[in-house]
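Both counts, for ligands and for their atoms, begin at 1 and track the order of listing.
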Amino acid sequence: MFYEDETTADALQADHEAKLDADVQQAEREAAARRSQAHEDAGYCAHLSAVGYLPTPVYEEQRGVRPGQLRRTGGCGTVFASDEAWYAALNEAELNPVKRTGRPGTTPIRQADNAEPGGNA
Ligand SMILES: [Zn+2]
């Protein structure tokens, strides 16, 4: 049997459930961000950003990085062997805490013509 209003009710229910799913996902992301911030506030690195190899480095942090490797720019200076290694460390930063030892960010290498490299990794 078909009821006129059943389709609307189903649609409203599906819409309501989709909003609940979005709320749950948003809450999970906010909780992850709070955990990551607390980790950093405690003096540990959350490995949130990194720079990769360039034949001619533009940041001090790229010196010595080989093709495929990445160096963390958040203060721990860890060199990761690959994107996958960085992502794994990023996802498990709290399980394998690494102390920050330097300042976060990148240090542009002065070019001979004094041109400032663009961007901020
Ligand atoms: Zn790190």
| query | Hey, is the main chain of Val79 close enough, under 3.5 Å, to the side chain of Gln69 for a donor-acceptor pair? | reply | no

| query | Between Arg71 and Thr78, do the side chains contain an N or O donor and an N or O acceptor separated by less than 3.5 Å? | reply | no

| request: Scan side-chain atoms only and decide if Thr73 and Thr106 contain a donor-acceptor pair under the 3.5 Å cut-off. | output: no

| Could you give all pairs that pass the salt bridge (Lys or Arg N to Asp or Glu O under 4.0 Å) test and reach residues 17-27, with sequence neighbours left out? | Asp15-Lys19

| message | Can you pull out every side chain to side chain donor-acceptor pair (under 3.5 Å) where at least one residue sits in residues 92-104? Sequence neighbours excluded, please. | response | Arg103-Thr107

| query | Apart from Leu48 itself, what residues make up its hydrophobic cluster when side-chain heavy atoms of I, L, V, M, F, W and Y under 4.5 Å apart count as a link, directly or indirectly? | reply | Leu70, Phe80, Trp86, Tyr87, Leu90

| query | Using a distance threshold of 2.8 Å, what protein N/O/S atoms lie below it relative to the Zn ion (ligand 1)? | reply | Cys45 SG, His47 ND1, Cys76 SG

